[in-house]
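What follows is one structure encoded as structure tokens, with my remarks underneath.
Nothing here was measured: the structure is a model prediction, and the numbers come from that model. Heavy-atom basis, side chains included; hydrogens, waters and symmetry copies ignored.
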Amino acid sequence: MMDSQDKTLQEGTVEEVKATEQAAEVENKVETAPAEEVEETPAPAEESSETSEAPAVVEEPDPVEEIPEIPESQEALESTEIPESSETDRKVYTSKQEILERMKEIAHSDENPQKAEIDYLKTVFYKLHFAEREAQQKAYLDAGGDPEKYVVAPDEDEIAFKAEMVVIKEKRQKLFMQQEEEKQENLKKKLDIIEKLKTLATSPEEANKTYQEFKKLQQSWREIKAVPAEKANELWRNYQLYVEQFYDLLKLNIEAREYDFKKNLEKKTKLCEAAEKLADEEDVISAFHQLQDLHQEFRETGPVAKELREEVWNRFKAASTVINKRHQQHFESLRAQEEENLTRKTELCEKVEAIAKEENNGSADWERHTKEIIDIQTEWKTIGFAPQKMNVKIFERFRAACDDFFGRKAEYFKGLRQKFAENAEKKKALVEKAQALQDSTEWRSTTDKLIALQKEWKTIGMVPKKIGDQLWNDFLAACNKFFEARNAANAGTRGEERENLNKKRNIIEQLKTLAEEAADGLQEKVQSLVEEYNQIGHVPYKEKDQLYKDYHAILDKLYKELNISTARRRLDNFKNNLKNMAERGSNAIDNERSKLMRRYEQLKQEINTYENNLGFLNISSKKGNSLIDEMNRKVQKLKDDLELTKQKIKAIDAENKEKDAK
């Protein structure tokens with residue numbers, strides 16, 4: 001019945017994560033400023049030799065990131081990172097059906113599946129799935145089920161979830177292939193544009209006539225999206241080369257050139273303003289990615305007047321530096337938090353290891369330590385990621401300590417279940433005995449037998465609750481049936497017992513009065529009352545202990561006084577009788593002395609026997625205490641008789657000595 005907690009860690013372990021993927025992706029991608037592009041208006045003769053340096057290319061992340069496999073266990077689930085940035089991720093799902101509906105919507109719509117959302121849905125689904133499975137197992141075990149025979153029931157929701165995951169994976173793979181094909185197609189298109197620009201740049205006589213065609217080629221170039229990353233820089237350098245050559249050939253007027261510069265300045269100024277506003281963006285990651293888009297747009301915008309180029313670029317670069325610095329500080333803060341998390345997790349490992357080493361003396365200790373470890377596991381789940389290189393190691397240390405504890409706990413309760421089975425068999429035997437006696441009419445002997453069975457029942461250990469309750473109910477029913485019949489048969493004796501109680505109390509009061517008066521003939525009166533007391537029958541069971549104490553308390557007081565006076569009187573009488581014995585001859589005195597010596601030795605032996613027996617009594621029970629009191633009284637009486645016998649022997653010896661002196 002305890003095994004449901006044994007698997008708390010194995011099937012419901014602490015949440016583990018790998019290092020943040022975003023950190024790995026962007027940590028080293030600090031945006032570098034692109035060099036100013038070649039002007040789109042004809043350059044003056046003195047500027048025609050200028051060449052623009054190819055802009056730094058920001059690497060494009062793979063458009064289709066791999067979705068982690070479906071976790072087969074809670075441990076696999078715990079190592080999955082839950083993204084934190086998107087709006088969808090922040091939605092709270094409370095049931096597997098909600099998650100399944102969202103998965104179907106993604107799988108069977110035109111929506112592009114996002115890895116962050118899919119990871120989040122998968123993690124939440126399996127947390128609910130494993131919690132439900134653990135609850136089912138706990139209910140099975142609480143109902144008395146055998147942990148070794150427990151079989152996990154198939155989950156139709158999980159089957160449907162996996163099916164939708166397959167559809168989504170295929171959908172993402174298909175999208176990835178389409179994107180790769182588009183990149184290759186875009187590459188071909190840009191290579192074709194470069195070839196056309198090359199033709200225009202090498203035909204000086206046609207430069208003025210082909211200007212509009214040149215502008216269209218530039219527009220087409222800007223409209224073409226991503227190309228394979230490994231080709232991007234080379235394409236850009238070739239494109240810039242031929243654009244630059246074309247402008248060298250072009251003989252546009254100053255007004256047109258200044259107009260282009262003005263338009264480009266307006267656009268780049270807006271880009272600077274947009275970059276500066278990003279400093280107020282709360283989401284550092286989002287701001288960084290928006291900055292990448294602004295850099296791309298800044299790079300594709302034509303040049304401005306030469307005297308303004310450095311100023312505009314420095315403004316844009318300064319805004320970019322603020323965002324890049326915030327981005328870097330963000331990940332430095334993450335790393336510091338991860339180190340703190342590692343410290344906290346190390347402390348939790350040490351706590352679990354210390355608990356695992358503690359000795360467990362019974363089920364209560366196991367359950368107390370189990371609760372402590374589960375509380376620590378709960379705290380572990382609230383702690384974020386540790387540094388990537390230590391994340392797996394610290395989790396393995398934590399899991400090893402928990403597994404060690406729960407493994408030994410399982411072994412303990414396995415042995416305990418075996419003991420439970422033995423106890424159940426013993427209690428079944430007692431139930432059968434009680435049921436065999438339940439119809440007996442031998443009230444006295446059967447009462448003793450049933451009481452003995454009840455005492456034996458208490459000595460038997462625990463059994464599983466379900467069967468234990470049934471056995472106890474059967475045993476109790478058999479006992480109750482007999483005692484109810486006995487009580488019904490003995491109902492008439494209760495009034496008599498109450499009357500006996502009143503009689504005995506009356507005798508006790510008379511004894512108390514004798515103790516205060518100390519009149520002559522006290523011993524005879526006391527003996528008469530004692531005999532009368534002993535002739536009275538039973539009293540109510542609940543009253544007998546107190547009555548016993550009151551009765552013997554007053555008797556002890558009376559006998560203490562009587563023993564002193566009686567012993568003195570008996571000794572005086574004995575001494576007076578010695579003279580009569582002397583008249584009958586010395587043989588009479590010698591015979592009396594021999595008889596007293598035998599009596600003396602007999603009393604000593606009886607006293608030793610009683611004192612030895614006192615050491616074996618169980619003084620923890622009421623009956624044990626009463627018996628000890630009674631035996632102590634007997635021992636004291638024997639000692640008094642021993643002393644009297646001793647004094648009689650001394651009296652005989654004194655008489656013989658006096659006779660010899662004469």
Side-chain angles (χ1 to χ4, degrees), residues 31-58 190 193-194 196-198 200-201 203-204 206-225 232 235-280 287 290-323:
E31 180 64 33
T32 57
E36 193 65 62
E37 295 88 331
V38 178
E39 309 143 0
E40 294 186 359
T41 54
E46 66 273 15
E47 296 178 353
S48 62
S49 61
E50 279 189 327
T51 58
S52 294
E53 187 176 314
V57 176
V58 179
K190 286 198 172 185
I193 291 175
I194 288 174
K196 291 180 180 179
L197 288 174
K198 181 179 179 181
L200 295 178
S203 303
E206 300 293 329
N208 289 329
K209 297 179 181 179
T210 57
Y211 178 72
Q212 293 302 322
E213 182 181 353
F214 172 79
K215 297 295 290 182
K216 290 179 180 179
L217 289 174
Q218 282 189 312
Q219 181 62 33
S220 297
W221 177 276
R222 284 191 289 268
E223 292 173 353
I224 299 172
K225 301 302 180 185
L235 279 174
W236 179 256
R237 285 193 296 269
N238 290 333
Y239 172 77
Q240 286 291 88
L241 173 65
Y242 295 116
V243 167
E244 188 174 315
Q245 289 180 3
F246 181 83
Y247 278 131
D248 288 340
L249 297 174
L250 209 57
K251 303 293 183 181
L252 292 178
N253 58 44
I254 295 299
E255 289 79 6
R257 180 171 180 242
E258 290 179 351
Y259 178 79
D260 281 347
F261 282 171
K262 180 180 178 182
K263 288 295 183 181
N264 293 338
L265 177 61
E266 291 175 357
K267 189 172 183 180
K268 288 193 172 182
T269 300
K270 290 181 180 179
L271 292 176
C272 290
E273 293 171 352
E276 290 164 349
K277 287 182 180 179
L278 289 178
D280 299 325
Q290 291 181 55
L291 179 65
Q292 307 310 303
D293 295 336
L294 294 178
H295 268 271
Q296 180 67 20
E297 193 173 353
F298 192 96
R299 182 179 65 184
E300 294 178 354
T301 303
V304 299
K306 185 175 182 179
E307 65 275 10
L308 296 176
R309 290 176 188 174
E310 185 175 357
E311 177 185 346
V312 173
W313 167 243
N314 287 338
R315 179 181 178 183
F316 188 71
K317 183 172 68 173
S320 300
T321 300
V322 173
I323 305 305

So, does Asn264 use its side chain to make a donor-acceptor pair with the main chain of Pro303 at under 3.5 Å?
-> yes
Listed partners of Glu307 passing side-chain hydrogen bond (donor to acceptor under 3.5 Å, both in side chains), at least two apart = none
Considering non-hydrogen atoms only, spot the tightest contact between [X] and [Y] and give its length.
{"X": "Ala279", "Y": "Val322", "answer": "CB-CG1, 4.0 Å"}
{"X": "Ile193", "Y": "Trp221", "answer": "CD1-N, 3.8 Å"}
{"X": "Val304", "Y": "Arg309", "answer": "O-NE, 2.9 Å"}
{"X": "Ala275", "Y": "Ala319", "answer": "CB-CB, 3.7 Å"}

Could you tell me whether the side chains of Glu300 and Gln296 share a donor-acceptor contact shorter than 3.5 Å?
->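 There is such a pair between these side chains.
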Hey, does [Y] have a side-chain heavy atom less than 4.5 Å from the side chain of [X]?
{"X": "Asn314", "Y": "Lys317", "result": "yes"}
{"X": "Lys216", "Y": "Glu213", "result": "no"}
{"X": "Leu217", "Y": "Tyr239", "result": "no"}
{"X": "His295", "Y": "Phe316", "result": "yes"}
{"X": "Val243", "Y": "Phe214", "result": "yes"}

Let me confirm one number: the [atom1]-[atom2] distance from [X] to [Y], rounded to the nearest 0.5 Å.
{"X": "Leu291", "Y": "Leu278", "atom1": "CG", "atom2": "CG", "value": "6.5 Å"}
{"X": "Glu266", "Y": "Thr301", "atom1": "CD", "atom2": "OG1", "value": "12.0 Å"}
{"X": "Leu308", "Y": "Lys268", "atom1": "CG", "atom2": "NZ", "value": "11.0 Å"}

Check salt bridge (charged side-chain N to carboxylate O under 4.0 Å, His left out) between Lys190 and all other residues, then give those that pass, not counting sequence neighbours.
->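 If we apply the salt bridge (charged side-chain N to carboxylate O under 4.0 Å, His left out) test to Lys190, skipping adjacent residues, there are no hits.
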By salt bridge (charged side-chain N to carboxylate O under 4.0 Å, His left out), which residues pair with Glu311, not counting sequence neighbours?
->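 So Glu311 forms no salt bridge (charged side-chain N to carboxylate O under 4.0 Å, His left out) with any residue.
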So, Glu276 and Arg315, do they make that salt bridge, N to O below 4.0 Å?
->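 Looking at Glu276 and Arg315, the cut-off is met.
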